[in-house]
Amino acid sequence: MHRTMLKQGLRPPAVPLVTCDPYFSVWSLADQLTDDVTRHWTGAPQALEALVRVDGGCHRIMGTEPRGLPALRQTGLAVLPLRTIATFEGAGIHLEFTFMTPMLPQDLDALSRPITYVTWEVTSLDGLPHTVSLFFGVSAMLSVERPEQNVIWSRLHLADGIEAIGIGSQEQRILGRAGDHTRIDWGFVYGAVRKESGVAAGVGQRGTLREAFVSKGHLPVGDDPSMPRSGQGVGMAFVHDLGEVGADLARWVLVLAYDDVFAVEYLHRRLSAYWRRNGLGADDLVVDAFRDYGMLAERCVSFDAELMADMTALGGEKYAALGALAFRQCLAAQKLVADVDGTPLLFSKENDSNGCMATVDVAYPTAPFFLVFHPLLLEATLRPILEYAQLPRWRHPFAPHDLGTYPLANGQRYGGGEETLDGQMPIEECGNLLLLASALAEAMPDAPLLRQYVEILDAWANYLLDHGYDPENQLCTDDFAGHLAHNTNLSIKAIVALGAYGQWCLRSGRPTEAERYREAAAVFARNWVREADDGDHFRLAFDQPGTWSQKYNLVWDRLLGL
């Protein structure tokens, strides 16, 4: 018998449930899954509801509806890198409720699939048989931005006996919305089950679907035909009558999916998620999800166990718990798409900021994750940034901050955009990209990406030579602090970036450039320690404009023996 005993000590600020990308992202912000409606990361309600009937009595497992219905006692919670598992006990049963999003970093197809599996596992707790039925509901609000937007729906009869329901906005303005605190309102959210004895699916008013299950144990006959209708009260529901459940485990697997059709726009070309690159569609997504469930579940369990063991060995149980949350949050803020030739491109989204897309100083702290789990993801992050920066439209001698506002990567929008110097982060982003490029070269020595863009990388290295030692008045990644001159953090980053880039130049057969950047970094570092030492801290304080450029010329002349 499979029964997971979980501690209830972990209380994440937000419990990850569906964590596929910045739009398909549902969390519980409550202490117990029954204390609040589930929400998109922006805080907007996106209700996922779960109920269980035991011997005719109904209990809530997730969500607050119906009001007044008692909640089954939640006894445990585990947030793992790829799974969230909650356990419940009461009414004579033990219930394990699992959300699994198989974002395996080294499997780009699995990583890019907007799929979450919802698994119920039920056994008798008291040794007696119990009649058990399960209910799972999905709000139409997962597919619209605002409650008043109209939605439409349909039922799909797919291969292998799979029944799916899809709900989406009536208007379907694909890629028609950009910003930070926004939700998707194009494409379709799907719920799917394998048709078997006792399984039913329905779509209509959420309250009607719930009440039918609570009072009678089944769904209304036939789907609600009155559409389009405001998404506020519409949803889909799935029921499985398990019959009598005893000591033997009873399991039910559902699939949640989201087909966004086109995921991002990059330099005005519309790109689909990576899993779609060979012409697959929503039908394939759902059918393949069921086909691969056993294999993916086994891999996810193994991955979670290995990573949690490694993190626990390194930093203890609390460190591992934080690492599991960070793993999920890191991937949930990314979207993996295929370029027109099938090349993988990875775009991040700034959340609770300004919605910038492919932000360089977001890619920088994310990079260790990619370097550990799959360096190809770092290459997929850098490629669109480097391609954009070498276009004639980007006329600055330093690196860009971002590529646009999610999901439109058509050009920098931060700080006034690409046409202005105001709001740029010249030293920050040049240093970040040189360090990221050098790290990628260490992890993927044969990657052709850096050689393809060597001219722009050299230009940024030369910019740091001229401006990096004592940075002029500008923003850094801590942009909330405003513009700062003589920023020691930026100065250190510039020096380290030059040294790292010089290492790559040496390995790539460019000894002259290697000597230039490595020696300059060494000289800068020695001077920095001597000149910036201000007792118990360091500071750069060259008061006269042009002072550093004069010092730099003298240093470089001595370096070359002139």
Side-chain angles (χ1 to χ4, degrees), residues 17-18 20 23-24 26 38 45-51 62-63 65 99 113-120 133-144 149-172 183-213 218-241 252-261 280-291 293:
L17 302 172
V18 178
C20 294
Y23 285 141
F24 196 30
V26 185
T38 59
Q46 291 192 339
L48 302 176
E49 300 170 325
L51 307 173
M62 184 169 61
E65 298 291 343
F99 285 78
R113 283 183 186 173
I115 287 288
T116 292
Y117 297 94
V118 183
T119 305
W120 309 65
S133 295
L134 308 173
F135 172 99
F136 189 78
V138 182
S139 169
M141 291 305 299
L142 270 73
S143 64
V144 290
Q149 287 181 274
N150 283 342
V151 296
I152 55 176
W153 53 86
S154 62
R155 182 184 289 262
L156 289 74
H157 304 282
L158 304 177
D160 301 330
I162 296 167
E163 192 90 352
I165 292 174
I167 302 178
S169 67
Q170 179 188 18
E171 193 172 14
Q172 288 293 310
R183 273 76 55 193
I184 195 169
D185 58 0
W186 67 88
F188 288 82
V189 60
Y190 292 93
V193 291
R194 194 182 295 278
K195 289 291 288 182
E196 55 186 293
S197 177
V199 173
V203 59
Q205 285 296 109
R206 289 168 50 212
T208 302
L209 296 169
R210 280 195 308 266
E211 289 304 323
F213 178 77
H218 56 75
L219 296 176
V221 177
D223 295 335
D224 190 331
S226 52
M227 62 175 175
R229 190 192 307 176
S230 163
Q232 174 90 41
V234 173
M236 63 183 93
F238 305 88
V239 167
H240 192 178
D241 183 354
W252 186 33
V253 179
L254 302 94
V255 166
L256 289 178
Y258 204 107
D259 179 21
D260 51 18
V261 186
L280 299 181
D283 293 11
D284 306 291
L285 178 67
V286 173
V287 170
D288 290 351
F290 277 98
R291 180 200 64 200
Y293 170 72

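Rounding to the nearest 0.5 Å gives a distance of 13.5 Å between CZ of Phe188 and CD1 of Ile165. Remark: Arg229 CZ to Ile152 CD1 distance equals 13.5 Å, nearest 0.5 Å. With values rounded to the nearest 0.5 angstrom, Arg210 atom CZ is found 10.0 Å from Gln205 atom CD. To the nearest 0.5 Å, atoms CG (Leu256) and OG1 (Thr116) are separated by 6.5 Å.
At a threshold of 4.5 Å between non-hydrogen side-chain atoms, the residues Glu171 and Asp185 do not count as touching. Side-chain contact between Val199 and Trp252: present, with at least one pair of heavy atoms (C-beta onward) separated by less than 4.5 Å. In this structure, the side chains of Gln170 and Met227 stay at 4.5 Å or more apart for every pair of heavy atoms. Side chains of Phe99 and Leu48 form a contact here, defined as non-hydrogen atoms less than 4.5 Å apart. Proximity of Val189 to Met236: side-chain heavy atoms (C-beta onward) are separated by under 4.5 Å at one or more points. With a 4.5 Å cut-off on side-chain heavy atoms, Pro220 and Leu209 count as touching. In this structure, the side chains of Lys195 and His157 stay at 4.5 Å or more apart for every pair of heavy atoms. Counting heavy atoms from C-beta outward, Tyr190 and Val255 have side chains that stay 4.5 Å or more apart.
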Could you go through Tyr258 and Tyr23, starting from their C-alpha distance and side-chain angles, then the distance that decides it, and tell me whether this counts as ring pair (Phe, Tyr, Trp, His ring centres under 6.0 Å)?
CA-CA 9 Å; Tyr258 204 107; Tyr23 285 141; 8.4 Å; no
Show, in sequence, the C-alpha distance, side-chain angles and deciding distance for Leu285 and Ile115, and conclude whether the side-chain contact (heavy atoms from CB on, under 4.5 Å) test is met.
CA-CA 8 Å; Leu285 178 67; Ile115 287 288; 3.8 Å; yes
Determine whether His218 and Asp241 satisfy the following criterion, side-chain contact (heavy atoms from CB on, under 4.5 Å), listing intermediate values before the conclusion.
CA-CA 8 Å; His218 56 75; Asp241 183 354; over 6 Å; no
Check the pair Arg194, Phe290 against side-chain contact (heavy atoms from CB on, under 4.5 Å), reporting the backbone distance first and the verdict last.
CA-CA 8 Å; Arg194 194 182 295 278; Phe290 277 98; 3.3 Å; yes
Where do Asp288 and Leu280 land on the side-chain contact (heavy atoms from CB on, under 4.5 Å) test, with the steps shown first?
CA-CA 10 Å; Asp288 290 351; Leu280 299 181; 4.3 Å; yes
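Checked by atom type and distance alone, the side chain of Trp186 never pairs as donor or acceptor with a backbone atom of Val261 at under 3.5 Å. Between the side chain of Ser139 and the main chain of Gln46, no donor-acceptor pair closer than 3.5 Å is present.
Taking each heavy atom of Ile162 and Ala192 in turn, the nearest pair found is CG2-CB, 4.2 Å. For the pair Val151 and Ser143, the tightest heavy-atom approach, listed with the atom from each and the gap, is CG1-OG, 4.2 Å. Considering every non-hydrogen atom in both Gly166 and Leu156, the closest pair reads N-CD1, 4.4 Å. When all heavy atoms of Ala201 and Leu219 are compared, the closest pair comes out as C-CD1, 3.7 Å. Here the shortest heavy-atom pairing between Asn150 and Ser230 reads OD1-N, 3.2 Å. Summarising the geometry of Ala257 relative to Val286, their closest heavy-atom pair is CB-CG2, 4.5 Å, with the distance given to 0.1 Å.
Salt bridge absent: Asp160 and Arg291 never bring a charged side-chain N and a carboxylate O closer than 4.0 Å. A salt bridge links Arg206 with Glu49; the closest basic N to acidic carboxylate O contact falls under 4.0 Å.
A tilted orientation is assigned to the rings of Phe135 and Phe213, their planes being inclined by 30° to 60°. Between Trp120 and Phe136, the ring planes are perpendicular. Angles over 60° get that label, and only those under 30° would be called parallel.
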